[in-house]
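Working notes, beginning with the structure itself.
Just so you know, residue 1 is the first one in the sequence shown, and it goes up from there. Being a predicted model, the structure only gives us computed values, none of them experimental.
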Amino acid sequence: MMDSQDKAQTQGAPIEENSVVEPSNAVADAPAVEEVEKVENVEASAAETPAPEAAPAEEKAPEEVAPAEEAAPAVPEEPAPAEPEEPAPAVAEEAAPAEPEEAAPAEAPKKVYKTKKEVLERVIELAHGDEVPSKEEVDTLKTVFYKMHVAEREAALKEYIDGGGDPEAYQLLPDEDEEKFKAEMVLIKEMRSKQFKEQEKEKVENLQKKLAIIEKLKTMVTSPENANRSYQEFKRLQTEWREIKAVPAEKANELWKTYQHYVEQFYDQIRLNSEAREYDFRKNLEIKTKLCEAAEKLAEETDVISAFHQLQELHQQYREAGPVAKDLREEIWSRFKAASTVINKRHQKHFEDLRSREEENLARKTELCERVEAIAKEENKGAADWERHTRDIIAVQAEWKTIGFAPQKMNVKIFERFRAACDDFFGRKTQFFRDLKSRFAENAERKRALVEQAKALQDSTDWKATADKLTELQREWKTIGMVPKKLGDQLWNEFLGACNKFFEARNAATAGTRGEERENLAKKRDVIARLRKAAEEAGDDLQATVQSLVDEFNSIGHVPYRDKDKIFKEYHEVLDQLYRDLNVSVTRRRLDNYKNNLRNVAEKGAGALDNERTRLMRRYDALKQEIQTYENNLGFLSVSSKKGSSLIDEMRRKVQKLKDDLDLVKAKIKALDAEVDEEAEKEGDE
């Protein structure tokens with residue numbers, strides 16, 4: 001019925017993987033909106049006939065589909081809406097009355113279920129009871145059960161993950177309550193299907209009964225002389241007609257018109273005495289007045305859907321009531337129609353508001369789809385990125401669950417779009433962590449191999465060779481990727497223990513050489529101090545002094561290992577400064593000498609100057625090429641050891657020396673050009 005469909009907007013069964021969405025019975029459940037535009041008055045003494053609402057389509061056999069097992073844990077569950085169809089437009093011309101299958105009962109307060117067990121007990125009670133349960137209650141029970149079911153699964157998964165469990169290893173356990181629920185729902189489906197078939201059979205039987213009544217009325221109409229004597233039989237047939245319930249929808253319209261036709265003909269032929277006629281009119285007026293009052297009171301009903309269904313029942317009773325005095329017919333019908341219009345407009349507005357909310361929900365859900373799709377497209381460089389984006393998507397999923405349904409035509413599509421984006425992200429995340437586990441396992445095997453090699457070397461007494469091998473193993477260890485923290489700590493402790501055992505034994509065995517290394521350190525510091533002093537004095541024999549100190553430094557043996565880098569750095573800082581100072585002074589002297597020699601070249605003529613410039617340009621190009629070659633070689637070198645670093649520093653000094661030579665050549669070319677300009681001016685003056 002419409003009220004059950006409307007309530008299904010907020011309580012739908014979850015869409016599980018591989019499940020089938022229950023088809024909507026909205027056509028059957030959405031009665032036509034009764035909006036009467038005009039009244040056809042029956043001539044003579046015929047019974048008045050209000051313009052009735054259009055007959056609704058018959059209800060289809062129910063489809064009860066139990067949801068399948070839940071899919072991936074992070075994908076949200078979407079309720080499947082059973083949305084009402086567009087209410088039918090107002091019926092202006094007289095049509096057949098809607099044949100109600102049963103009077104709309106007053107709605108009882110809905111029970112609130114707190115546990116799955118309570119829901120299951122009610123389902124078992126319905127499945128094994130004598131009465132067929134209503135579709136509304138079945139839908140509500142299904143929705144409540146699966147909301148609790150999904151909530152339990154999500155809570156169990158969260159508890160598992162919070163406890164340090166691996167999401168990929170999580171297994172869904174069978175739920176006995178769910179299996180019982182599905183089995184009982186199958187029984188309920190069979191009961192409702194059986195009821196549907198029985199109702200269809202009963203409608204066919206009712207059709208035959210009403211056709212028989214019409215035949216009897218037809219006989220009465222063809223015998224006008226017996227009309228007064230047949231009046232009681234006529235009233236009995238009217239009562240019998242009202243007691244017969246629904247007929248097949250496709251027959252209802254024509255059946256009602258035929259019945260009404262013969263009722264009007266009978267009233268036209270009957271000749272009651274005035275007193276009896278007036279009594280019937282007064283009695284019918286009293287009945288219709290009460291129906292008007294009941295219809296007017298429905299405007300106070302807060303449940304719009306319930307008010308609409310109650311109005312349908314009042315319309316059925318109004319039709320079944322007999323005529324009133326001719327001068328009151330229009331007045332009483334206008335009053336009833338006015339009350340009906342209020343309820344119908346409220347009912348229409350209810351669905352307009354519902355559609356407006358659904359459009360808003362569609363816009364919000366579309367925006368959430370775009371957000372998830374944008375998150376899914378972002379690059380994930382590591383596990384931290386995957387977890388951060390997972391939290392973002394779970395937050396979007398939580399927001400999705402707070403939004404109601406979209407329009408029926410788009411609801412499934414928008415959910416499929418949302419779920420596809422989530423599935424894409426979580427599918428790639430699963431693959432990432434699967435690959436990560438594989439890499440962890442491979443890295444762990446490589447580190448175990450290094451641990452075994454280190455343990456095999458830990459007792460060696462070949463100090464130099466073994467130290468180099470262990471150092472190389474340590475470098476290789478650093479190139480291996482991560483492993484799980486607990487296992488990584490264990491392997492590292494084993495590897496470090498083996499290395500420390502060897503180096504501690506080597507240090508103990510070579511303790512006697514440390515005194516000599518400290519003496520060498522003192523000697524090298526003395527050489528560095530003398531280099532600094534030579535730089536301050538800067539005598540004529542500075543270059544020879546520096547070279548002598550360099551030779552002395554290189555002849556000194558090893559220093560303590562921890563001081564090696566520091567003393568090496570101090571030595572080269574002082575030496576580089578000296579070389580820079582020496583190079584500047586030498587360059588200046590060489591340039592001055594060159595300028596003096598240019599006068600001798602100029603005396604030989606302009607051709608001599610041109611030859612000298614050509615020679616300088618060749619020298620300039622050769623130096624540039626050599627500098628480029630050295631710089632290219634530097635780009636291919638890797639600092640993998642202290643010796644490698646020393647080689648690179650030496651090459652850099654050579655490059656700097658070449659650049660200084662290049663600057664000298666450029667200065668010579670500039671001096672040569674100035675000399676050429678001066679010679680040209682002299683020739684011009686002559």
Assess whether a salt bridge exists between [X] and [Y], defined as any Lys/Arg side-chain N lying under 4.0 Å from an Asp/Glu carboxylate O.
X	Y	answer
E359	R355	no
R122	E125	yes
E240	R236	yes
R371	E367	yes
E360	R364	no
K116	E152	yes
D353	R357	no

What closest approach, in Å, do [X] and [Y] show between heavy atoms, and which atom pair accounts for it?
X	Y	answer
E373	A421	CG-CB, 3.8 Å
L187	A127	CB-CB, 4.1 Å
L285	L328	CD2-CD1, 3.6 Å
M191	G129	CE-O, 3.9 Å
V324	N284	CG1-C, 3.8 Å

(request) Could you check R335 against E331 for salt bridge (charged side-chain N to carboxylate O under 4.0 Å, His left out), going step by step and ending with a plain yes or no? (result) CA-CA 6 Å; R335 179 181 177 183; E331 177 184 348; over 6 Å; no
Checking side-chain polar atoms at under 3.5 Å, does [X] have a donor or acceptor matched by the opposite partner on [Y]?
X	Y	result
E243	T239	no
H149	R153	yes
Q312	Q316	no

(request) Would you check if the side chain of E137 reaches a backbone N or O of P133 as a donor-acceptor pair within less than 3.5 Å? (result)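 A pair under 3.5 Å: no.
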Separation between [atom1] of [X] and [atom2] of [Y], rounded to the nearest 0.5 Å:
X	Y	atom1	atom2	result
W400	I393	CH2	CD1	13.0 Å
H347	S340	NE2	OG	13.0 Å
M410	T366	CE	OG1	6.5 Å
R419	I414	CZ	CD1	15.0 Å
K117	M148	NZ	CE	13.5 Å
E320	I287	CD	CD1	10.5 Å

(request) Please work out whether the ring planes of W256 and W241 are parallel, tilted or perpendicular, with thresholds of 30° and 60°. (result)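 Tilted: the ring planes of W256 and W241 meet at 30° to 60°.
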(request) Report the relative orientation of the aromatic rings in F336 and Y318; use parallel for angles under 30°, tilted for 30 to 60°, perpendicular for over 60°. (result)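 F336 vs Y318 ring planes: parallel.
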Quick one, [X] and [Y] - any side-chain contact, counting heavy atoms below 4.5 Å?
X	Y	answer
K209	K245	no
Q238	K235	yes
F425	V372	no
E215	Y262	no
E184	H128	yes
L211	T258	no

(request) Determine whether the aromatic ring centres of Y146 and F181 lie less than 6.0 Å apart. (result)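 Distance test on ring centres: under 6.0 Å, yes.
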(message) Determine whether L314 and Q310 satisfy the following criterion, side chain to side chain contact (heavy atoms under 4.5 Å, CB included), listing intermediate values before the conclusion.
(response) CA-CA 6 Å; L314 294 178; Q310 292 180 53; 5.6 Å; no
